[in-house]
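FYI, side chains are in, hydrogens and waters are out, and symmetry mates aren't considered; it's all heavy atoms of this structure. Quick note on labels: first sequence line is chain A, next is B, and so on, each numbered from 1.
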Amino acid sequence: MPELPEVETIVKRLTTGNGAQTSLVGLTVQNSLVLWERTLAEPDLTEFHQRINGQQVVGISRRGKYLVFSLSADYLIIHLRMSGDILIAEQREALDTYARLVIDFEHSLRMTFLDPRKFGRAWLVAEKHTILGALGPEPLDEAFTPNLFYNQLQRYRRQIKPLLLDQTFLAGMGNIYTDEALHMAKIHPLTRSNAISFDLAQNLLQCIQRVLRQAIERHGTSIDWIYRGGDYQRSLRVYGRTGSPCPDCATPVERILVGQRGTHFCPVCQPAPA
DNA sequence: ACGAGCGCCTGTCGGC
DNA sequence: TGCCGACAGGCGCTCG
């Protein structure tokens with residue numbers, strides 16, 4: 001799915017309006033359409049249509065991998081999961097094959113939540129805390145210091161990769177950027193979190209932030225058949241590069257399964273824990 | 001506490 | 001060509 005940089009890219013596109021596209025901020029919802037019922041997690045269909053119609057978009061933001069639309073009275077929260085994307089188009093255009101949720105605004109604008117795999121979810125809630133409350137800190141938040149990170153790592157005896165993917169531990173990391181950050185920090189994905197020294201933790205946090213910032217600058221990563229316009233895929237060090245030379249030492253990149261997720265690393269730069 | 005396994009879905013790709 | 005398994009940017013659940 002879109003990870004933090006991809007969601008951040010989408011938020012910027014929806015907020016500032018890119019090129020010919022208009023910003024959604026300030027627009028009022030005129031109509032809504034749910035094409036795949038399970039996409040709407042809350043509330044039920046009838047209440048959703050009644051409540052969202054007539055509400056104005058006050059702001060659009062991101063928390064972890066969640067898209068957060070602040071409306072006049074509620075929050076529309078969308079999680080894109082594996083294959084979701086947001087499309088802005090004119091209402092006169094044909095609906096996309098993978099349209100799951102459609103919101104029509106004034107000026108004939110239409111926002112479509114596309115999601116081939118149907119894993120994505122949308123919520124319309126009065127309190128965003130009910131959906132976002134359990135999320136861990138934002139990795140790019142200045143208040144998230146090396147000290148805090150180190151102390152949190154020490155609290156668990158977990159493999160570092162699944163821990164970084166745990167959204168209640170840290171919000172926004174996904175499979176791509178976790179592999180990239182661990183390679184940059186020269187840490188093996190199976191390293192126990194409490195075995196990481198303060199210096200290593202500080203460096204890992206810097207690597208996480210560097211990878212995320214660079215990916216945001218490149219507008220995210222475009223892989224598979226879903227093209228989002230980003231080109232960070234050209235900068236990937238290990239993700240999806242099984243058998244290709246490590247950019248630092250030329251050893252072939254290896255792939256293992258960690259927590260059911262494909263995991264890419266350099267066996268030389270990231271030596272296995274004792 | 002921690003991790004494995006599975007379900008949710010559709011699409012792509014490589015091997016035979 | 002057709003079929004079949006593996007795999008895919010995520011996460012919630014159950015079970016040891």
Pi stacking test for A/Tyr156 and B/dC2: under 5.5 Å apart, planes under 30°: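 Here the ring of A/Tyr156 and the base of B/dC2 are not stacked, as the 5.5 Å and 30° limits are not both satisfied.
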Close aromatic pair by centroid cut-off 6.0 Å: A/His188 and A/Phe265: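 Yes, ring centres under 6.0 Å apart.
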A/Tyr98 side chain near B/dG11 phosphate (N/O to OP1/OP2, under 4.0 Å):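 Yes, A/Tyr98 has a side-chain N/O under 4.0 Å of OP1/OP2 on B/dG11.
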Any A/Lys118 side-chain N or O less than 4.0 Å from OP1/OP2 of B/dC8: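 So the side-chain polar atoms of A/Lys118 never come under 4.0 Å of the phosphate oxygens OP1 or OP2 of B/dC8.
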Polar pair under 3.5 Å, donor/acceptor by atom type, side chain A/Arg158, base B/dA1: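 Result: no qualifying N/O pair found.
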Nearest-Å distance once atom P is located in both B/dT10 and C/dT1: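 It works out to 25 Å between them.
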Mutual orientation of the aromatic rings belonging to A/Tyr177 and A/Tyr232 [parallel < 30°, tilted 30-60°, perpendicular > 60°]: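 Aromatic pair A/Tyr177/A/Tyr232 classed tilted.
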Contact under 4.0 Å: A/His79 side-chain N or O vs C/dC11 OP1/OP2: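 Yes, A/His79 has a side-chain N/O under 4.0 Å of OP1/OP2 on C/dC11.
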Residue closer to the 5' end of DNA chain B, A/Ser193 versus A/Arg100 (nearest nucleotide):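 First, find each residue's nearest nucleotide; the 5'-ward one identifies A/Ser193.
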Residue-phosphate contact under 4.0 Å: A/Arg192 side-chain N/O, B/dC2 OP1/OP2: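 A/Arg192 to B/dC2 OP1/OP2: no side-chain N or O under 4.0 Å.
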Check: A/Val211 main-chain N/O paired with A/Glu180 side-chain donor or acceptor under 3.5 Å: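 Such a contact is absent between A/Glu180 side chain and A/Val211 backbone.
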Parallel, tilted or perpendicular: rings of A/Tyr156 and A/Phe169 (30°, 60°):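 Judged by the thresholds at 30° and 60°, the geometry between A/Phe169 and A/Tyr156 is perpendicular.
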